[in-house]
Novice: 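Provided herewith is a single structure, encoded as structure tokens, for subsequent inquiry.
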Amino acid sequence: MADAPARPAPQKPVPAKAQASGPVLAMRRLGLVRDIDLALHLPLRWEDETRLVAIGRVRDGELAQVEGVVSECRVEQRSRRQLLVRLEDDSGELLLRFLNFYPSQQKLLAVGRRVRARGEVRAGFFGREMVHPAFKAVEEGAALPTSLTPVYPTTAALPQSYLRKAVVSALARAPLSELLPADLQPTGLPTLAEALQRLHHPPPGADLPAMEDRSHPAWQRLKFDELLAQQLSQLEAQRERAQLKAPALPPLADGLRLALGAALPFTLTAAQQRVVQEIDADLARPQPMHRLLQGDVGSGKTVVAALAAATAIDRGWQCALMAPTEILAEQHFRKLVGWVEPLGVTVAWLTGSRKGKTRTGMVEQVASGQAMLVVGTHAVIQQDVAFARLGLAIVDEQHRFGVAQRLALRQKLEAQALEPHLLMMSATPIPRTLAMTYFADLDVSTIDELPPGRTPVLTKVFADGKRAQVVERIRDEVARGRQVYWVCPLVEESEHLDLQNATETHAQLGQALPGAMVGLLHGRMKAAEKAAVMSLFTQGQMQVLVATTVIEVGVDVPNASLMVIEHAERFGLSQLHQLRGRVGRGAVASVCVLLYTAPLSDTGKARLKAMAETTDGFEIARRDLEIRGPGEFMGSRQSGDALLRFADLQADSALLQQARALAPQVWAREPRAARAHIDRWLGGKAVFLKA
Ligand code: ADP
Ligand code: MG
């Protein structure tokens, strides 16, 4: 058959070092390097080329393969240029019609050629026809394939036919023996070799619906193996971590930690106290902490981080706090400086916009150990930043960072054969099923309570036509001495458009609200400009702040009581939730207005509905998972490309339970098989699962 249309492969291609062409390189980009990689590259669907139907007997609407000799081949201009080929066998004739065609195809379809064509037969104006059938030229009496033909996910540079041959030979070579003894296998499933044979080359009459919806036992076997590989590798990561050494940092009876606790203007919530204890217990051990602190927007994670930092500093170890954006890093910096500098701690500040002498000075303070607390963005993990004694690394909004960056942070202490403790913070709660599977090597602490005195934010969804009313609402709010955010979306394709949108809205609001100060904040402004605008808003002189998503995380202005999100349909659910978390931080009742522009997509509708119905971050995360599916939820940055290819955590939870139960036994009884299994499935990717 001619090549099926290329489809994008489900896995993310391995980034190619050099731009090169050719099928081998194309395969490498798809991660198809070893024989086993090809053996595990499974078809999207199958085509039945095992049977021929006599042309005279094909029914209208039937998908069939026919074989005949070309009796006529001509190019005709009807509504557009097309190639018309008449194909005959003993029983009748049929028209093959091509709207797009190459000269090479025309040659293959010359009069007298014997051709096999496969497609749907329809009654056309000139009799029965197949439009754009798959076809190939054959010799008379050429054998029919004995199994169904696989159609693989591939790219334009990698033809189906090439990939099919590569898979056949890889299957013959790949070591597919059963690695585990029978009593450590799930019962009732085929062997790996059988399962792969069945999926790559199913016999005629195979149960295609079950193969296509992936419920077939052969799929079950692959999904199980994949889940087992993931569970095994995470257990291994846990064990490896237990071997690592970190400085033991039990809290001191007096010192910074105590002073900081006493200086706080509020008492910790019960949830905060609980997570502080969990973190204390980790820090006291000589193994690196690897803890995720999750808590909804506004739940008070920063103070928990500060107390942990104080503990490290009390014990003579440095603490680094890394945040994804400069604005967020700066908020942390200000807050922390306010808390700890009066207590005699030097805080260093490292961001991308800090260059030259100031930066060199900061880097020196970090290297000498004079700066005990280091706050910043990605700049904290730059090559030239060496810590004297890094004891604790804190990553805020950890989902915004890649795995590689987390690894880099952990390696900042390598020289001393110790690892720093690692505390990751996230306001995007990770649903339990995901936490269990992706983060088997992560302990999770949850702040499940907001500080007292907050009133839940009321969310309203309006079509963009209601803009004038919304502006009225802003006027009321400003008149009452409150502050307002107006968020414009980030237009990914065009920073320019993005800016235009925000600039226009800024001008519009400035005109509509003559008495108020309306500011503008966007990603292209210089850091100093941003800081100036932010500080006017934080200090209350500015009433309305028009911003692109730069305010997404961490901004803390309790007097802000109204947030308008323009083009809310363009935002992701967790992003909307994060944004909404900027209001409702004080005791006043706050409102979030989601303006959308019709028409809404189904997922867009579902997102706005979720926002209107709940303010609970966990519920939002659950719905997000439902709307998007786990793969997208975590994103490839999070998972280091090691996402599950075949198994689905929700749909295959029974298999997941089996794999979880089996994994410890496999490590205990068959450690070599465990390693071989991980290698078979994850190859070099396992390191990412452990980060
Ligand atoms: P997030 O978890 O989103 O990072 P923050 O740490 O920024 O939240 O805290 C949000 C606000 O709540 C801050 O102004 C912080 O000072 C305040 N806060 C934190 N803990 C408490 C508490 N126990 N009681 C009152 N206010 C608190
Ligand atoms: Mg925060």
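Worth knowing before you read on, the calculation uses all heavy atoms, side chains too, and leaves out hydrogens, waters and symmetry mates. Along the sequence shown, residues carry numbers from 1. First listed ligand is number 1; within each ligand, the first listed atom is number 1.
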Novice: Looking only at N/O atoms, are Pro451 and ligand 1 under 3.5 Å apart anywhere?
Specialist: no

Novice: Gly295 near ligand 1, heavy-atom distance under 4.0 Å?
Specialist: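 Flag not set, Gly295 not near ligand 1.
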
Novice: Please report whether ligand 1 has a polar contact with Gly298, defined as an N or O pair separated by less than 3.5 Å (distance criterion only).
Specialist: yes

Novice: Taking 4.0 angstrom as the limit, do Arg473 and Asp476 come out as a salt bridge?
Specialist: no

Novice: Do Gln318 side-chain atoms and Leu392 backbone N/O form a donor-acceptor pair below 3.5 Å?
Specialist: no

Novice: Can you name the atoms of ligand 1, numbered from 1 with element, that are less than 4.0 Å from a heavy atom of Thr269?
Specialist: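 Within the 4.0 Å cut-off of Thr269, ligand 1 contributes 23 (N).
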
Novice: In terms of atom number and element, which parts of ligand 1 are under 4.0 angstrom from non-hydrogen atoms of Thr302?
Specialist: 4 (O), 5 (P), 6 (O), 7 (O)

Novice: Find all atoms of ligand 1 within a distance of less than 4.0 Å from any non-hydrogen atom belonging to Leu268, and give their numbers and elements.
Specialist: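 With Leu268 as reference, the close atoms of ligand 1 come out as 23 (N).
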
Novice: Does Met425 have a non-hydrogen atom less than 4.0 Å from ligand 1?
Specialist: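 Per 4.0 Å heavy-atom rule, Met425 does not contact ligand 1.
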
Novice: Do Phe537 and Tyr485 have ring centres separated by under 6.0 Å?
Specialist: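 Yes, ring centres under 6.0 Å apart.
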
Novice: Strictly distance-based, threshold 3.5 Å: is any side-chain N or O of Arg585 a donor or acceptor partner for the main-chain N or O of Gly581?
Specialist: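 It does hold such a pair.
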
Novice: Side chain to side chain contact (heavy atoms under 4.5 Å, CB included) between Gln483 and Val544: does it pass, once the steps are laid out?
Specialist: CA-CA 6 Å; Gln483 288 166 279; Val544 182; over 6 Å; no

Novice: Only heavy atoms of Ser299, strictly under 4.0 Å: list the atoms of ligand 1 that pass.
Specialist: 2 (O), 8 (O)

Novice: Say whether Asp396 and ligand 1 are in contact under the criterion: heavy-atom distance to a ligand atom below 4.0 Å.
Specialist: no

Novice: Within the 4.0 Å heavy-atom shell around Thr267, which atoms of ligand 1 are there?
Specialist: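 Near Thr267, meaning under 4.0 Å from one of its heavy atoms, ligand 1 has 22 (C), 23 (N), 24 (N).
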
Novice: Looking at Glu569 and Lys605, is any side-chain nitrogen of the basic one under 4.0 Å from a carboxylate oxygen of the acidic one?
Specialist: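 Answer for the salt bridge query: no.
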
Novice: For Trp486, what residues pass the ring pair (Phe, Tyr, Trp, His ring centres under 6.0 Å) criterion, not counting sequence neighbours?
Specialist: none

Novice: Before accepting this row, confirm whether a basic side-chain N of the pair Asp384/Arg359 lies closer than 4.0 Å to the acidic partner's carboxylate O.
Specialist: yes

Novice: List every atom of ligand 1 that sits less than 4.0 Å from any heavy atom of Arg585, numbering the atoms from 1 in the order shown and giving each element.
Specialist: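 Within the 4.0 Å cut-off of Arg585, ligand 1 contributes 3 (O), 7 (O), 10 (C).
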
